[in-house]
Peer 1: 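This is the structure I have questions about; it appears just below.
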Amino acid sequence: MPAEICVTLPDGTTKSLPSGSTGADLAASIGKRLARDAVVVEVDGEQRDLTRDLPEDAAVRIITAASDEGREVLRHSTAHVLAQAVLSLWPGARFAIGPAIDDGFYYDFELPDGQTFSEDDLERIEDKMREIVGADQPFVRAECSVDEGLEVFAEQPYKREIIERVESSEVAGDGSVSLYRNTEGFVDLCRGPHVPSTGRLGHFKLMKVAGAYWRGDEKGPMLQRIYGTAWESAKALEEHLERLRQAEARDHRKLGVELDLFSFPDEVGSGLAVFHPKGGLVRRLMEDYSRTRHEQAGYEFVYSPHITKSALFEQSGHLEWFADGMYPPMELDGGTDYYLKPMNCPFHILIYRNRLRSYRDLPLRMFEFGTVYRYEKSGVVHGLTRARGFAQDDAHIFCTHEQAEGEITRALDFVLGLLRDYGLTDFELELSTRPPEKAVGTEEEWDTATEILRRAAVAKGLDPVLDEGGGAFYGPKVSVQVRDAIGRSWQMSTIQLDFQLPQRFGLEYVGADNERHRPVMIHRALFGSVERFFAVLLEHYAGAFPAWLAPVQVRVLPVRADHHVYADRLVDRLLAEGYRADTVVADEPLGARIRRAKMEKLPYVLVVGDDDVAAGTVGVNPRGGEVERGVHVDDFVDRLAADVLAHV
RNA sequence: GCCCGGGUAGCUCAGGGGCGAGAGCAGCUGUCUUGUAAACAGCAGGUCGUGGGUUCGAAUCCCACCUCGGGCUCCA
């Protein structure tokens with residue numbers, strides 16, 4: 001054994017250390033601060049515990065807590081402490097898995113005698129966890145054989161099940177499993193790595209309890225899951241909690257009530273919204289703009305009914321593949337089943353098929369705000385983002401094979417431009433491929449279609465992320481993920497290529513060669529669902545809609561009753577010029593009326609008093625800006641016009 | 001659909017077997033005439049989600065259903 005080992009650091013320099021040195025020794029030899037912040041060490045690309053010996057001649061990198069990788073380790077280790085706490089508070093509890101996730105971690109348990117956690121238990125568990133952290137117990141790694149592992153976890157069926165899958169390399173892959181023990185006799189099956197000891201943890205909070213199926217299988221046992229979050233410092237934890245509070249404040253369901261935009265009356269049914277006048281106005285503005293842009297882009301507008309005979313959805317394949325997601329049929333006309341439509345495509349196909357089409361008709365682009373109904377499982381309904389009835393901004397492009405790629409590129413261009421106009425500018429593309437379990441058509445057709453989509457995406461200069469098996473049953477799709485103002489990602493638009501439905505419906509066109517050919521169909525939606533898009537915009541803007549979408553753009557507040565006439569004239573002028581303005585009479589102090597307007601998040605409040613009446617001016621109090629006195633009315637109108645035009 | 005937790009006035013929430021069920025905000029009516037984020041007073045407002053049950057007595061305990069929230073799963 002050599003007396004020294006030599007390792008290479010990320011900057012390319014090498015360092016000699018006594019043989020038997022650990023990652024912790026390395027960190028300490030580099031600096032005191034690094035030694036304190038280090039959580040694990042990466043050795044030749046593999047993360048390891050700081051306490052393990054370093055091999056000779058390895059490329060090493062110290063990972064600190066304040067990095068994505070470091071936080072992941074931290075969270076994973078905190079999950080272990082959670083398990084230790086629960087097992088000590090509920091003797092006989094079984095524990096399953098406890099990984100790190102975005103912003104935190106969870107651990108799944110099965111409590112004895114079918115007990116369940118309540119929110120109050122979280123505090124007790126947290127206290128116990130702090131105790132364990134305070135004791136600074138080391139995480140000690142041990143390796144053992146599968147049989148020994150099964151022995152150690154004799155009372156833990158979930159752990160045994162995991163070990164039994166070792167062959168499929170879930171834990172180690174070489175017939176051995178690794179364990180982590182700490183004092184108090186707690187031992188967990190774990191691949192690691194972990195922080196050196198529990199004392200390194202502490203900036204965590206348990207967030208909620210939930211049910212979760214073992215291995216995500218609906219037929220498997222329901223376990224009790226505890227979610228928590230963990231960070232490298234008290235400050236980072238507090239910032240995260242603040243972000244959550246911010247997200248909560250801009251929740252569209254909350255803003256929908258506060259700003260009187262929409263509601264979900266119990267009398268109507270779960271997942272079925274009604275839009276109130278203000279929400280209806282915003283929605284109409286959104287839709288009108290979309291219509292105008294579609295018209296300019298060569299789409300033609302069609303309409304189709306909400307219900308149809310079952311045969312149509314039999315032919316489309318929806319009843320075969322999508323029946324679970326459909327409302328049950330109504331039996332009418334002595335035995336005919338009618339269904340509420342879950343999709344618009346079959347109707348557009350019938351419009352296409354209504355007469356013989358020539359290649360000269362193609363591409364044919366049909367657009368409809370089509371209201372569809374989907375019977376979502378009761379547990380998944382969620383405000384406007386997951387409703388049971390919603391309008392799709394749905395279009396179907398019928399074209400030749402040769403035109404398909406160009407049409408997709410064009411559609412993608414259109415989508416991104418339109419989303420930008422609504423104020424969403426941060427995109428990511430995702431390419432969803434063939435779902436192995438439920439797909440119609442041959443693999444070859446799918447490959448061709450997928451490749452066309454990929455090329456179109458790349459042509460836009462956006463490298464799509466692959467979503468293996470995420471396509472619909474009839475075709476692959478490119479979807480646009482949008483990042484909103486606080487960094488959350490929403491799946492928005494989809495563009496789907498479909499060779500199947502034209503075939504099922506026997507669609508044809510007569511080519512230049514006077515022969516009959518089969519067209520290709522492209523399904524595309526930009527908002528996906530108007531309701532959902534409404535919700536995303538509402539959250540993106542935190543309720544403060546830009547002037548072009550704001551239900552009320554300007555509120556005029558007379559200082560005293562004798563300014564009413566001037567205020568009314570001002571409102572009349574704004575209305576006449578096509579703006580949305582109103583006024584509130586002076587039977588309440590000005591401050592109170594301004595406060596109301598601010599809580600309604602209006603773009604502009606205009607205050608008019610003696611000076612303004614005399615000079616033909618207004619006091620401008622813009623949202624998020626400084627008050628300006630004595631602005632000439634014409635100048636204000638110009639400013640408003642510029643805002644509306646610029647969509648700000 | 002499954003697990004956990006909720007549903008009390010328009011909104012936000014107290015009250016948890018026994019006085020006619022409460023507060024703040026919003027609403028209405030007066031008074032106040034106001035220059036940039038809450039004037040004052042009074043009034044009105046609830047079959048305590050729905051239906052059953054236990055009890056001398058239920059907003060309160062039990063059951064079922066509806067519905068909302070957080071998850072699982074699924075998806076636009």
Side-chain angles (χ1 to χ4, degrees), chain A residues 106 108 110 114-122 207-227 248 251 253-254 257-258 260 263-271 322 324-325 342-343 372 374-388 390-394 432 470 472 477 479 490-494 496 523 525-533 535-536 557-564 585-600 605-612 618-622 626-630:
Chain A
Y106 67 80
D108 286 345
E110 184 179 66
Q115 289 178 73
T116 55
F117 293 118
S118 74
E119 300 279 333
D120 302 334
D121 291 328
L122 294 185
M207 305 300 288
K208 54 203 170 198
V209 295
Y213 297 105
W214 169 235
R215 306 199 85 92
D217 179 0
E218 228 172 299
K219 292 172 211 71
M222 174 65 73
L223 304 177
Q224 292 279 306
R225 177 171 296 179
I226 294 179
Y227 283 93
E248 200 184 324
D251 189 306
R253 295 164 301 186
K254 193 177 152 94
V257 174
E258 285 172 7
D260 193 17
S263 60
F264 291 90
D266 280 0
E267 294 84 341
V268 178
S270 178
F322 198 71
D324 283 353
M343 288 184 184
V372 297
R374 298 188 183 173
Y375 190 74
E376 299 292 352
K377 288 192 259 181
S378 64
V380 307
V381 170
H382 181 92
L384 290 176
T385 58
R386 196 72 188 277
R388 281 180 167 170
F390 56 95
Q392 292 183 306
D393 60 330
D394 207 1
S432 301
K477 69 178 178 196
S479 52
W490 302 84
Q491 188 189 309
M492 216 74 270
S493 320
T494 60
Q496 242 164 322
H523 307 246
L526 279 48
F527 300 160
S529 135
V530 176
E531 285 79 354
R532 180 179 147 90
F533 191 68
V536 171
L557 300 179
V559 173
R560 279 193 322 272
D562 44 326
H563 307 124
H564 284 173
V585 296
D587 58 4
E588 237 185 336
L590 182 63
R593 286 176 287 151
I594 288 174
R595 180 164 187 271
R596 279 173 207 270
K598 292 294 175 187
M599 292 200 305
E600 287 177 55
V605 176
L606 300 184
V607 174
V608 294
D610 290 336
D611 303 347
D612 301 295
V618 293
V620 179
N621 185 336
E626 294 292 305
V627 171
E628 223 180 310
R629 290 278 298 270

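The chains referred to below are lettered A, B, ... by the order of the sequence lines, with proteins before strands, and numbering in each begins at 1.
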Peer 1: Suppose you measure atom P in rA9(B) against the same atom in rA23(B); what distance do you get, rounded to whole Å?
Peer 2: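 Looking at atom P only, rA9(B) and rA23(B) are 14 Å apart.
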Peer 1: Should rA26(B) form a Watson-Crick or G-U wobble pair with both distances under 3.5 Å, which nucleotide is its partner?
Peer 2: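 Partner of rA26(B): none.
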Peer 1: Going by the rule salt bridge (Lys or Arg N to Asp or Glu O under 4.0 Å), which residues pair with Arg386(A) if we only count those two or more places apart in sequence or in a different chain?
Peer 2: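 Salt bridge (Lys or Arg N to Asp or Glu O under 4.0 Å) list for Arg386(A), sorted by chain: Glu376(A).
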Peer 1: Just by protein heavy atoms under 4.0 Å, how would nucleotides 66-76 of chain B read 5' to 3' in B, S and -?
Peer 2: -SSSBBBBBBB
Peer 1: Is it true that a side-chain atom of Asp393(A) and a backbone atom of Phe527(A) form a donor plus acceptor pair closer than 3.5 Å?
Peer 2: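 Side chain of Asp393(A) to backbone of Phe527(A): a pair is present.
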Peer 1: What is the pairing partner of rG1(B), taking Watson-Crick or G-U wobble pairs with both distances under 3.5 Å in any strand?
Peer 2: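 Its partner is rC72(B) (Watson-Crick or G-U wobble, both distances under 3.5 Å).
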Peer 1: Quick one: label Asp324(A) by what it contacts on the DNA or RNA (base, sugar-phosphate, nothing), any heavy atom closer than 4.0 Å.
Peer 2: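 Counting heavy atoms under 4.0 Å across all strands, no contact is made by Asp324(A).
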Peer 1: Check the distance between rC11(B)'s C1' and Lys254(A)'s NZ and give it to me in whole angstrom.
Peer 2: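 Whole-Å distance recorded here is 11 Å.
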Peer 1: For Lys477(A), is there any backbone N or O sitting under 3.5 Å from a side-chain donor or acceptor partner on His523(A)?
Peer 2: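 Here the side-chain-to-backbone pair does not exist.
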Peer 1: For the C1' atoms, the ones on rC13(B) and on rC56(B), what distance do you get once it is rounded to whole angstrom?
Peer 2: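 So the two C1' atoms sit 33 Å from each other.
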Peer 1: Rounded to the nearest angstrom, tell me the gap between atom CD in Glu600(A) and atom C1' in rA26(B).
Peer 2: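 About 12 Å, once rounded to whole Å.
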Peer 1: Please state the C1' separation for the pair rC61(B) and rC2(B) - nearest whole angstrom.
Peer 2: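 Here rC61(B) and rC2(B) have their C1' atoms 26 Å from each other.
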Peer 1: Could you tell me if the side chain of Val607(A) sits less than 4.5 Å from the side chain of Val618(A), heavy atoms only?
Peer 2: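 No, their side chains stay 4.5 Å or more apart.
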Peer 1: Could you please name the partner base of rC65(B), counting Watson-Crick and G-U wobble pairs only when both distances are under 3.5 Å?
Peer 2: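 Result: rG49(B).
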Peer 1: Write down the partner of rU36(B) under the Watson-Crick or G-U wobble criteria, each distance required to be under 3.5 Å.
Peer 2: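 Paired with no nucleotide.
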Peer 1: Taking the P atom of each, how far is rU50(B) from rC66(B), in whole Å?
Peer 2: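 The same atom, P, in both gives a distance of 15 Å.
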Peer 1: In terms of side-chain geometry, is the basic nitrogen of Arg560(A) or Asp610(A) positioned less than 4.0 Å from the acidic oxygen of its partner?
Peer 2: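 Here Arg560(A) pairs with Asp610(A) in a salt bridge, since their nearest N and O are under 4.0 Å apart.
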Peer 1: Restricting both atoms to N or O, compile the protein contacts to nucleotides 36-46 of chain B shorter than 3.5 Å, with distance only.
Peer 2:
residue, atom, partner, partner atom, Å
rU36(B), O2, Asn621(A), ND2, 2.6
rA38(B), N7, Arg595(A), NE, 3.2
rA38(B), N7, Arg595(A), NH2, 3.3
rA38(B), N6, Arg595(A), NH2, 2.6
rA38(B), N1, Arg595(A), NH1, 3.3
rA38(B), N3, Arg595(A), NH1, 3.4

Peer 1: Separation of Asp108(A) atom CG from rC2(B) atom C1', in whole Å?
Peer 2: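 Computing the Asp108(A):CG to rC2(B):C1' distance gives 14 Å.
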Peer 1: Taking the same atom, C1', in rC48(B) and in rA58(B), what whole-Å distance lies between them?
Peer 2: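 It works out to 11 Å between them.
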Peer 1: Taking Tyr375(A)'s backbone N and O only, do any of them form a donor-acceptor pair with Arg388(A)'s side chain (distance below 3.5 Å, no angle check)?
Peer 2: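 No, the answer is negative, given that no donor and acceptor are paired below the 3.5 Å cut-off.
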Peer 1: Are Asp217(A) and Arg215(A) ion-paired here, with the side-chain N under 4.0 Å from a carboxylate O?
Peer 2: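 Answer for the salt bridge query: no.
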Peer 1: Whole angstroms only, please: what is the CD-C1' distance between Glu267(A) and rU50(B)?
Peer 2: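 For the pair Glu267(A) CD and rU50(B) C1', the rounded distance is 12 Å.
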Peer 1: In the structure I gave you, are the side-chain heavy atoms of Val608(A) and Val559(A) within less than 4.5 Å of one another anywhere?
Peer 2: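 No. Closest side-chain heavy atoms not under 4.5 Å.
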Peer 1: Between rU54(B) and rG71(B), how many Å separate the two P atoms, rounded to a whole number?
Peer 2: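 So the two P atoms sit 40 Å from each other.
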Peer 1: Expressed as a whole number of Å, how far does the C1' atom of rC11(B) sit from that of rG46(B)?
Peer 2: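 Looking at atom C1' only, rC11(B) and rG46(B) are 14 Å apart.
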Peer 1: Can you give me the closest heavy-atom contact between Phe390(A) and Ser529(A), atom names plus distance?
Peer 2: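 Heavy-atom minimum between the residues: CD1-CB, 3.3 Å.
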Peer 1: Side chains of Val627(A) and Val620(A), heavy atoms from C-beta outward: is any pair under 4.5 Å?
Peer 2: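 No, side chains not in contact.
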Peer 1: What's the gap between rG24(B) and rC40(B) when it is taken at their P atoms, as a whole Å value?
Peer 2: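 One P to the other, the span is 13 Å.
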